[in-house]
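Below: the structure, in structure tokens.
Atoms within a ligand are numbered from 1 in the order they appear, just like the ligands themselves.
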Amino acid sequence: MRHLMSPLDFSVEEVAKVLDLASDIEKNPAKYAHACDGKVLATLFYEPSTRTRLSFESAMIHLGGQVLGFSSAASSSASKGESVSDTIRMISCYADICAMRHPKEGAPMVASAVSGIPVINAGDGGHQHPTQTLTDLMTIRSLKGRLDHITIGLCGDLKFGRTVHSLVKALVRYENVRFVFISPEELRIPSYIREEVLDANGQEYKEVERLEDVIGELDLLYMTRVQKERFFNEEDYVRLKDFYILNKEKMDLAKPDMLVLHPLPRVNEISVEVDNDPRAVYFKQVQYGVYVRMALILTLLEVNV
Ligand code: CP
């Protein structure tokens, strides 16, 4: 039985297989409509979510399966003190596969150690978000045609943004990927990513503060919101929350084929005037998230269609 905790749990070849399957699902949805008849997905969300939880649920429903779960710790017996380990033992009796989001880093890993069913990390604290990474990879591959030979700018809260940490880990495995990290000093990419992921792989990268200075050299711009829920004090959040606002003026400095991605939710960091720019693909990214999660459920349940 396999779980998905980190984007590195799949080899580059396995990622390609999942993305190929997701692309086939996109083209031939009817072929997969009963692939998970009789199967149940549990969504255990101890932290708020719109996209990840609902796209998992949509994915399982589109495969013919059913879903159950909870959307907050407060509405589960976690509020009475039940541990993650005990909870997953129960859920293993109710479902065939589970997606778990938790504010504590490593909580899905703890669950996977005692689980009787595959566990998918749907985001753990500021650590990892591997299914968002698969979504991002599918978006890039589908719309750019490749995952290698790209310059990607990651902009915003690079310290707490788990989607950024996961995406960097995944992309260092492809040839000639250049990273440009764009953040205020306080929200720089963590030193463990610089040392253990970038330096350890001999990866070329640079860190800058001003988006305007580098936007013209990017093939992809990955915008992120400042992660309010991970700040220790409100004052720091208020000071940093509008540090970057991508607007039409800045888009005019970008290449005509630069794509703008965002894991969403957006707060103020992308002006709504950018939404109609054909280079803004963050809502298409959401649709790819459903196909990729369908492919992941089939892969982990070992269902062949
Ligand atoms: N991208 C993402 O994880 O969104 P949600 O927090 O709404 O699930």
Next on the checklist: For D37, give me all partners under salt bridge (Lys or Arg N to Asp or Glu O under 4.0 Å), at least two apart in sequence or on another chain.
Outcome noted: none
Dump the pairs for me: ligand 1 N or O, protein N or O, distance under 3.5 Å, to 0.1 Å.
| from | atom 1 | to | atom 2 | distance (Å) |
| --- | --- | --- | --- | --- |
| ligand 1 | 1 (N) | Q132 | OE1 | 3.1 |
| ligand 1 | 1 (N) | P263 | O | 2.8 |
| ligand 1 | 1 (N) | L264 | O | 2.9 |
| ligand 1 | 3 (O) | T52 | OG1 | 3.0 |
| ligand 1 | 3 (O) | R101 | NH2 | 3.0 |
| ligand 1 | 3 (O) | H129 | NE2 | 2.8 |
| ligand 1 | 4 (O) | R51 | NE | 3.0 |
| ligand 1 | 4 (O) | L264 | O | 3.4 |
| ligand 1 | 6 (O) | R101 | NH1 | 2.9 |
| ligand 1 | 7 (O) | T50 | N | 2.8 |
| ligand 1 | 7 (O) | R51 | N | 3.0 |
| ligand 1 | 7 (O) | R51 | NE | 3.3 |
| ligand 1 | 7 (O) | R51 | NH2 | 2.8 |
| ligand 1 | 8 (O) | S49 | OG | 2.6 |
| ligand 1 | 8 (O) | T52 | N | 2.9 |
| ligand 1 | 8 (O) | T52 | OG1 | 2.7 |
| ligand 1 | 8 (O) | R101 | NH1 | 3.4 |
| ligand 1 | 8 (O) | R101 | NH2 | 3.3 |

Would [X] and [Y] pass as an ion pair if we require N to O under 4.0 Å?
| X | Y | value |
| --- | --- | --- |
| K206 | E217 | yes |
| E186 | R239 | yes |
| K248 | E273 | no |

Next on the checklist: Could you walk me through whether M138 and E26 satisfy the side chain to side chain contact (heavy atoms under 4.5 Å, CB included) test, starting with their C-alpha distance in whole Å, then the side-chain angles of each, then the deciding distance to 0.1 Å, before giving a yes or no?
Outcome noted: CA-CA 11 Å; M138 182 172 183; E26 180 187 6; 3.8 Å; yes
Next on the checklist: Less than 6.0 angstrom from the centroid, inside 45 degrees of the normal: does R293 satisfy that with respect to the ring of F56?
Outcome noted: yes
